[in-house]
Amino acid sequence: MTYPTQPEASHFIDGAYVEDDSGAAIPVIYPATGEIIATLHSATPALVDRALAAARRAQPAWAAMTGTERGRILRRAADIMRARNRELSELETKDTGKPLQETLVADATSGADALEYFGGLAATLSGEHIQMGEDFVYTRREALGVAVGIGAWNYPTQIACWKAAPALACGNTMVFKPSETTPLSALKVAEILLEAGAPPGVFNVVQGYGEVGAQLVEDERVAKVSLTGSVPTGRKVYSAAASGMKSVTMELGGKSPLVIFDDASLEDAVSAAINANFYSTGQVCSNGTRVFVQDGIREAFLKRLSERLKGVKAGDPLDEETNFGPMVSERQREIVEGFIAKGSEEGARLVAGGGRPEGAGFWIEPTVFADVEDDMTIAREEIFGPVMSVFGFATEEEVLERANATIYGLSAGVFTRDLARAHRMVAGLQAGSCWINTYNLTPVEAPFGGMKMSGVGRENGQVAIEHWSQLKTVYVAMGAVEAPF
Ligand code: NDP
């Protein structure tokens, strides 16, 4: 079976597809060819209101179910997603342009992992009992209420599930707004949750541009906002949420360092640098885009990297042999090309790529700059495309200071065979997710999120429960009440 790219309707509210053509048109473009594969409509303010009302109505009964019952529904949804992985992956490939080789293993499967993991945790949610002599205190872990999820375009299914799974496990209901660039797969997540037994209104999807997100964030019925997006959007959303004292999770951008010492396995370090810069055509928030290579092995690293780049297979993303896709949009390609031009202008040495292949679609070559200096634009700003910057360094102290000299703090990696040095380095790195001798592995069991400007809160792992629930403290007196008069 193949899913049609044109969905039944643009939005999924209260358990059903809903359309309203009066909303601005959202053309969905297949990035590999530039063809329009669907047309959706932005939600009108009335539809956004309807989605929030549905989520509000559904929330008390959903929270009143036992964790075991909610968890069973989430785990059933995970099973359905796995059973339909190929159809979901093909749709994700058409929506994002990412190669099927990737989407088959990293999108619906990752979403299913989150549904399964938080489905399992749902039954374990509990408070504590604190004895105070005869009296006692107990705590109740309660849902926050109606939550809003807002997603970026690079991992649409994964982002929807990484937010919905813990939110729903804790008894919240959700209105999710995908990026307008990739609106298709969140609708499938909504369909699957309903099929798995989630009551209507528990998970709703509304499409739209930034203003739909803004309306959602500002609504007083909303208790929690979880955004995956850029730092500028994060600032806006966080401030809007703050005025309503709403709880937030912000998963934002990065400019992460990948530090390779000269005792590292060169082959593994090159593999990690490839994964950290070219997977999903570089459109990954946690990418290690500042690759610091110790002076003794820098030329050997660049030589081996150039050889390995001959293995790039760009082409039809639906062909499972293809391992490198196009950029998600023309706009994103132009942004990345602007950074590449800046890199050359400011004196970095272009050692691979930099060009635009002929033909339709938003293709760009995997690009490597060497001799990058810390103050260059490509060293400081998030590019969000397949552009690797290679820096030299001499000592551990020097590289630690330079690695941390950024406003971002999402991720970092260290390659060395000296494990004491590896642990010393990660203790000093200002980053929420660090890897030793690997890069970009983000299993659902491991908390994920940023320090500094890269974010607030954590997704995944048991700690996510803290960000999707609140505690109520109950003091119980067993004796008489004393009063001064
Ligand atoms: P954007 O910040 O442009 O958009 C993110 C989402 O926010 C979109 O759905 C967008 O809608 C919406 N939005 C925009 N303005 C507002 C507003 N004022 N109020 C509410 N919502 C709004 O990010 P991109 O989609 O371009 O994604 C790329 C960025 O996401 C990169 O910076 C990347 O690092 C980051 N990212 C972070 C991850 C993490 O986990 N830390 C993971 C993946 C990506 P619309 O698209 O319609 O404008």
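Whatever order the structure lists them in is the order used to number ligands and atoms, beginning at 1. Sequential numbering from 1 along the given sequence is applied to the chain's residues. Below, all heavy atoms of this structure are taken into account, side chains as well, without hydrogens, waters or symmetry copies.
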* To do: Calculate, to the nearest 0.5 Å, the distance between atoms CD and CG belonging to Glu445 and Asp113 respectively.
  => 7.0 Å

* First locate atom SG of Cys170, then atom CG of Leu144, and finally report the distance between them rounded to the nearest 0.5 Å. => 7.5 Å

* Asked: Does the ring of Phe176 carry Lys163 above it, NZ/CZ under 6.0 angstrom from centre and within 45° of its axis?
  -> no

* Is Lys98 close enough and on-axis enough to Tyr155, meaning under 6.0 Å and within 45°, for cation-pi? -> yes

* Exactly which residues line ligand 1, taking a heavy atom under 4.0 Å from it as the test? -> Ile150, Gly151, Ala152, Trp153, Asn154, Lys177, Pro178, Ser179, Glu180, Gly208, Tyr209, Gly210, Gly213, Ala214, Leu227, Thr228, Gly229, Ser230, Thr233, Lys236, Val237, Glu251, Leu252, Gly253, Cys285, Glu382, Phe384, Leu410, Phe448

* Structure fact -> Shortest non-hydrogen pair, Phe369 vs Ile340, comes out as CZ-O, 3.4 Å

* To do: Would you check if there is a donor-acceptor pair between the side chains of Ser469 and Arg141 at a distance under 3.5 Å?
  => yes

